[in-house]
Q: 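Sharing a structure, written as structure tokens. Questions coming.
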Amino acid sequence: MSESATTGARGMSVAAAFAGMRSAAPVVFRAGCPDCRGRFELGANALRLAIGASSRTTFYSFTCPDCGAAVRKPAGERIVELLTGGGVSTLRLQPKV
């Protein structure tokens with residue numbers, strides 16, 4: 001079946017799905033600082049995600065733009081999904097041997 005003959009989302013290629021788009025808006029994440037209680041929005045490039053072997057070793061981090069504190073917060077499955085989907089740099093941690 002050719003691309004032009006398919007109908008519905010299942011048979012549609014990525015190129016066909018995005019053919020009419022001009023540009024995508026950059027992804028912005030809302031975050032808060034536990035030190036200064038500041039609330040702000042950060043772009044994907046301001047966040048880092050570390051995925052470990054357990055929930056205790058999976059976290060995201062950023063520097064607070066208000067007070068400069070290094071912030072590290074736990075990341076559950078949904079947060080990991082959102083951050084990776086939004087283009088956040090990811091580091092996969094290897095378990096100790």
Q: Check for a donor-acceptor pair, side chain of T58 on one end and backbone N or O of S55 on the other, with a separation under 3.5 Å.
A: no
Q: Looking at CZ of F29 and OH of Y60, how far apart are the two atoms once the value is rounded to the nearest 0.5 Å?
A: 10.0 Å
Q: Determine whether a donor-acceptor pair (N or O, by modelled atom type, separation under 3.5 Å) exists between the side chain of T90 and the backbone of V88.
A: yes
Q: Only pairs under 3.5 Å count here: list side-chain donor-acceptor contacts from residues 41-50, not counting sequence neighbours, and write none if there are none.
A:
unit_1: R48; atom_1: NH1; unit_2: N45; atom_2: O; d: 3.1

Q: Do I51 and F59 share a hydrophobic cluster (ILVMFWY, side-chain heavy atoms under 4.5 Å, transitive)?
A: no
Q: Pairs under 3.5 angstrom only: tabulate donor-acceptor contacts from the side chains of residues 66-85 to other protein residues two or more places apart or in another chain.
A:
unit_1: K73; atom_1: NZ; unit_2: G32; atom_2: O; d: 2.9
unit_1: R78; atom_1: NH1; unit_2: E81; atom_2: OE2; d: 3.0
unit_1: T84; atom_1: OG1; unit_2: V80; atom_2: O; d: 2.8
unit_1: T84; atom_1: OG1; unit_2: E81; atom_2: O; d: 3.2

